[in-house]
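Numbers restart at 1 for each chain; the letters A, B, ... are given by sequence-line order, proteins then strands.
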Amino acid sequence: MDILALQNSLNTYLVLGALLFGFGAYGMMRNRTFIGMLISAELVLGGASINFMAFSRFLAPDPTVGQIFTLFIMGLAAAEAAIALSIIIAVYRNFKSIDTDDVAELEG
Amino acid sequence: MSVHPEVIRLLIFLVGIIAFAALNAAYLVWLERKEAGHIQRRIGPKEVGPFGLLQPLADGIKLMTKQLIVPAGVDPVLFRIAPILVMIPAIMGFVTIPFSETLVARNLDIGLLAVFAFASVNVLGLLMGAWGSRNKYAVISAARVVSQNVAYEIPMLVTVVSLVMVSHTMNLTKIVGQQLGGFWHWNIFNFAASPLMPVAFLIFFVCMLAETNRAPFDMAEAESELIAGAFTEYPGMGFGVFFMAEYANIVIGCSMATILFLGGWDCPFGLYPGVHWFLLKMYFLIFTVIWIRWTYPRTTFYGLLNLSWKILIPISFVNLLLTSAMLKVF
Amino acid sequence: MNASAIKQAMAALPAQAVAENDHAKRGNHLDVTVAPDQVVAAVTILDGNGFFIEAITGVDWLGEKAARKKEAAAKAAAAAKAAAEAAKAAGQEPPPPPPAAPAEPEGSQVDDLEVIYDFNHYETLCRVTVRTRVPRDNPAVPTISEVYAGANWHERETHDFFGINFVGHPYLVPLLLPEDADFHPLLKDYKP
Amino acid sequence: MTPILSPQGLAGLIFLGCVAATIAGALLATNATRLIRAVTGLALCMVGVAGIYYFLGSPFVALMQILIYAGAVCVTIIFAIMLAEPHEMKRVGKVHALAGPASILAATVLVWGLAALGTKTVWQPVACRAKNGTLEEVGQSMLTTYSMSFELISVVLLIAIIGSLALARAGRSK
Amino acid sequence: MIGYLKEIFSGTWSLFVGLGITIKYFFKPVVTVQYPREVLPMTPRFRGHIELTRDPETGGDKCIVCGMCQKACPSNCITVVGDKVEGAKKKALSRYILDFTKCSLCGLCVESCPADAITFSKDYNLAGPSREAYIFDLKKRLEERKG
Amino acid sequence: MSAFAQTQLKETFVINLGPQHPATHGVLRVKLVMDGEYIVEAEPVLGYIHRMHEKMGENRTWAQFMPNTGRMDYLHALAYNHGYVTVVERAAGIEVPERAEYIRVITAELNRISSHLLWFGAFVLDLGGFTPLLYAFDDREQILDLLESVTGSRLTYSYFRFGGVYNDIDENFVPGALAFIKRLRERLPMYHALVTKNVILRTRLEDIGFITPEMCRKYGATGPVARGSGINFDVRKHEPYSVYPEFNFDIPVYPKGDSMARYMVRMDEIEQSMRIVEQAIAKLPDGPVMAPKAPKILKPAKGDYYHAVETARGSFGIRVVSDGTNTPYRLKLRSPTFSNLSLFGEACQGMLLPDALALMGSLDLVIPEIDR
């Protein structure tokens, strides 16, 4: 296998996307803070975006679609980050913690 | 094994850019001190070399021989990574800047975007350095840096967007190419595109000052308030790298202003365009930046945000609307 | 605000002594001497009349009582001597020696610390000095920082230098001296 | 084997660097003990992803990725950390004893499944492409074919701005 | 709206005025003295550390060892030591120690001197490697200072 | 805790501003409790260069204490000399020749201008502008040269003596002073154009850092701080001493109470001081500069005496208690900045850090004078 020509194969990107997705999922399960989960969510989105871009580059008849989708995902990610962070701050104001478990306990 | 010429060209440019950035940083310090001196009716550096020209070298040696202290309690990883994180985007920003028609490392079609993309990473480095220092002054400084950059990226990008609308391209070489042939072709005097172009240039320049944390917007390292802000804990070359990055950013900002508004390497009278004109304009802008620093007091945080949200953003939007209207009309 | 008005207002306080001074000679217009427990009342009067606080300080009168006693004794001796001489000159029997120096009131063997409050007025020229005396072995004066917020630092400073305890002061820790200072340098018996 | 000192070889090297940055960043982002390092990881990962986008023939998206992720999202997250957790010395969060292994297992299964699915499938390459995916085409289709979603995104962003402002102000007035 | 624009304009104008002032000074000559290269003469009344004056007749000092300067000094930095000279009625100065580390250059000693034996030197380039270097014997200095 | 502090979230942290901080101009430490960049509480911590001048006074003769007075406020040392000699003259009953009083006033007012110029520069430096500092220094140097030629010293003059001044002015002094005034008259519009009218400076000073007249009264603020709050109080007019009644000058009063008002008061005072110097030079009488009968060894009569002078920073009061010997029994030095700084804690509550530093700069602190 030509290790320096990896960038020309679709599979590389698919595996990478899957890896990022997996990291994101793992982080979501493992992390117990809002910010940690937010970071993991960004990883998941990144994995998905790579797939979009890869398919658009190698397979799609119209290669603009994937790019547009990725751009939309970025916009969504930015919006999501903004909203999530304001929620985090609001939660922190009320509960003095950004730990999801703490918040759940206090609610119950 | 033959080496491809493109590779060699890239490597030469990379080395050249790093050398250019470092030398510029060093000699801009000299220029800053000399200019400040003369504005204040003193001489400035004069002892090391003729006109103190070797002073940057002496300063550099001094900074490099200092012990690199990593203070107790800091986050060692962030503390060490932050200067690099500030320096790399500053160097990367040079990659797409055309100094003349041929003197460009990588002529990207979206060179304009590339410069702004790399410039935006700068904040991240400052933020990490400040937060990693575990110094209260640095943390305050970090909070200021972010708000400042967020507030000023908007009018800057809006102004740039209106310029892109005029020139129909994001390729920096092409943007300059459209302005060739005398100063009446420059974008700053392009009244056919928008009557507010000189104002747009001012807005861009002010935003550039704010983005590079230069006086009067140097609240991140406001020495009379926050000692040295984000750099308070950095010794020796750690501080030196931040310093170099700051000057590299100034060079990038002034280059962008030259390219976007002042016709890049064009001669004002339409004769013999070349890299010297570019450097002349850029260094004049840098001179102005330094001149401004030694003239004004520092703004405050709310003054800065007021300026951005109440004046710059509305006017830049008006300019955007005017530009699009003019484009439609003519 | 003139001095006589303040004098009148101060007259309501028990156990006070008000002296009008020659401003050109002494630099103040009114010297009000009150008992320590009357300080707040006197200062409140000044506050009501729009005075501002200039300073608070102390004076250590160590040895004053002894000196005064000595002086009184000397005076008595001189008087006795003069009387004796006068009598001798008149050819009379010398009078019986006068009784020993008049006894001071009880508990007065301890010298005093004087606390001086200086006030001034923004509109009209009227400097008022309020004085009070406390014994050196238990120097305690009520704080006036409730009335004048600025007295806070002046009282802390006076506490530093003289060890005068301003009762009710919110934060009586050393201001100018080191945080752990337990000496009072302006006392006359302080030896560094 | 592609020679290293050729444009292709160098490109391959840089690609490998990007992949390494992505994976290292993702590792750091999910496993760091301090939130601030996790964000550093995220930034590294996103810069790596931007490099990968570049190799996928879209420098525009790559630069946007840097601009938005490194320049905006990461900065926002760091800012939130600074605001919400000034004394962030403690670990990222309490973790159940089984949570670690279980989530590793689940994630591995997920990755393996997805990767296998991706690589085993026989993809049909298209014979002819209508477009080349240049920036102009992206812009054109964004404002024609996908103008609806473009508008929706802008509405989403607007709502996000208003919402976050409302949320942030609500706490302040207390 | 007019007010808003006016405010912007006047603010911007004030900034340009400031720039104009500083650039004007940029081209003016410097006013600083390049100290180690240039040395300014001190004014006649400059109060440096004290120095013994020379008696034009004898070539020695004029001190009569009365100790007035020693008494006048607020910081106790002067020590005058005199010897009884055989035959002469007056004491003669043997050592005049000035502890310059304590001196506050107030000039009370010069003022108190009844014989005009001390004066201020115009020396301000004082540097020394140790504290002891600042304990001057003025008598010795006077002898070393020829002319 | 103030009302402001209670309304805020309890997300506070403590910052030690100083004792080594560029904005405190000396070794002052301010303990700030902050909520973000907002100041919840501020507590100045003093005493880092406390030298116990009052005790030093008790241990030396009346004349020997003179150098100490100039070392408290090294920027306006002559006013401190003036206060001290006047109170001792009052106690000892020494008449001062008129020429000596005129010289005292001229030099003290020149010294006041130099103090205000230095403050101006340092204040703009606090606000981040470096160049005005050096322009002000340029002018200040001229004053220091003049004063050096007369007094022999550039900073701690100890020029006045009981009964007069140490030395008569030399022949170059009067033309030099007039030339300087002419020069400064030409330079002041430049300062106003460069600094006062600058929009950045205005946004930093106007409507920020309010000190109310009531606060001044409760804390005993005097000088430009009080005059910036609309209080028409200047010892030179209020309780005239020396030959000040002879001169025609105004007391600049700005009623607003913000940092800009204090700034303007000082800038206007420079002009008024120049007027005083001009008039004094015009009226300067001939005659001796030392009282002929001034005793060598001073033994003022028993009693206590108070005298106040207007320094560049406010009313400096000095109370001497004499027991009839040649050393003071007690010296109380009432320094203006001590009182002025004491209101800082209250005034800066709820302010942003840079504004609080601007407020602190506008108080014109000289730390040795606070710590004494």
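Each of D:Leu110, D:Leu27, D:Val111 was evaluated against A:Phe23; a single residue qualifies, D:Leu27, per the side chain to side chain contact (heavy atoms under 4.5 Å, CB included) test.
Distance check, rounded to the nearest 0.5 Å: CZ of D:Phe150 to CD1 of A:Ile68 gives 10.0 Å. A distance of 10.5 Å separates SG of D:Cys45 from CD of A:Glu42, quoted to the nearest 0.5 Å. Taking CG of A:Leu14 as the reference point, atom CG of D:Leu117 lies at 9.5 Å (rounded to 0.5 Å). The distance from atom CG of A:Leu45 to atom OH of D:Tyr69, rounded to the nearest 0.5 Å, is 5.0 Å. The CE atom of A:Met74 sits 9.5 Å away from the CE atom of D:Met46 when rounded to the nearest 0.5 Å.
Of the two parts of A:Ile50, the backbone and the side chain both hold a non-hydrogen atom closer than 4.5 Å to a non-hydrogen atom of chain D. Contacts of D:Val39 with chain A are made by both backbone and side-chain atoms, with heavy-atom separations under 4.5 Å. If you measure heavy-atom distances from D:Ile153 to chain A, the contacts under 4.5 Å come from the side chain alone. Heavy-atom distances place both the backbone and the side chain of A:Ile39 under 4.5 Å from chain D. Using a 4.5 Å cut-off between heavy atoms, A:Leu38 touches chain D through its side chain atoms alone. For chain A, the nearby parts of D:Ile77 are the backbone and the side chain; heavy atoms of each come within less than 4.5 Å.
Looking at heavy atoms from C-beta onward, D:Thr22 lies out of side-chain contact with A:Leu19 at the 4.5 angstrom threshold. Side-chain contact check for A:Ser49 versus D:Tyr53: some heavy-atom pair is nearer than 4.5 Å. Using a 4.5 Å heavy-atom cutoff, the side chains of D:Thr108 and A:Tyr26 are not in contact. Contact annotation: the side chain of A:Thr64 never approaches that of D:Gln140 to less than 4.5 Å [non-hydrogen atoms, C-beta and beyond].
Heavy-atom pairs under 4.5 Å with chain D peak, among A:Gly27, A:Ala79, A:Ala25, at A:Ala79. Of the residues considered (D:Ser154, D:Ala26, D:Cys18, D:Ala115), D:Ala26 shows the highest number of contacts with chain A, using heavy-atom pairs under 4.5 Å. Comparing A:Gly46, A:Gly22, A:Gly24 by how many heavy-atom pairs each has under 4.5 Å with chain D, the most go to A:Gly22.
Classification of the D:Phe15-A:Tyr13 ring pair by plane angle, with boundaries at 30° and 60°, yields perpendicular.
Between A:Ala18 and D:Leu114 the shortest heavy-atom distance is CB-CB, 3.6 Å. The shortest heavy-atom contact between D:Leu157 and A:Gly75 is CD2-O, 3.7 Å.
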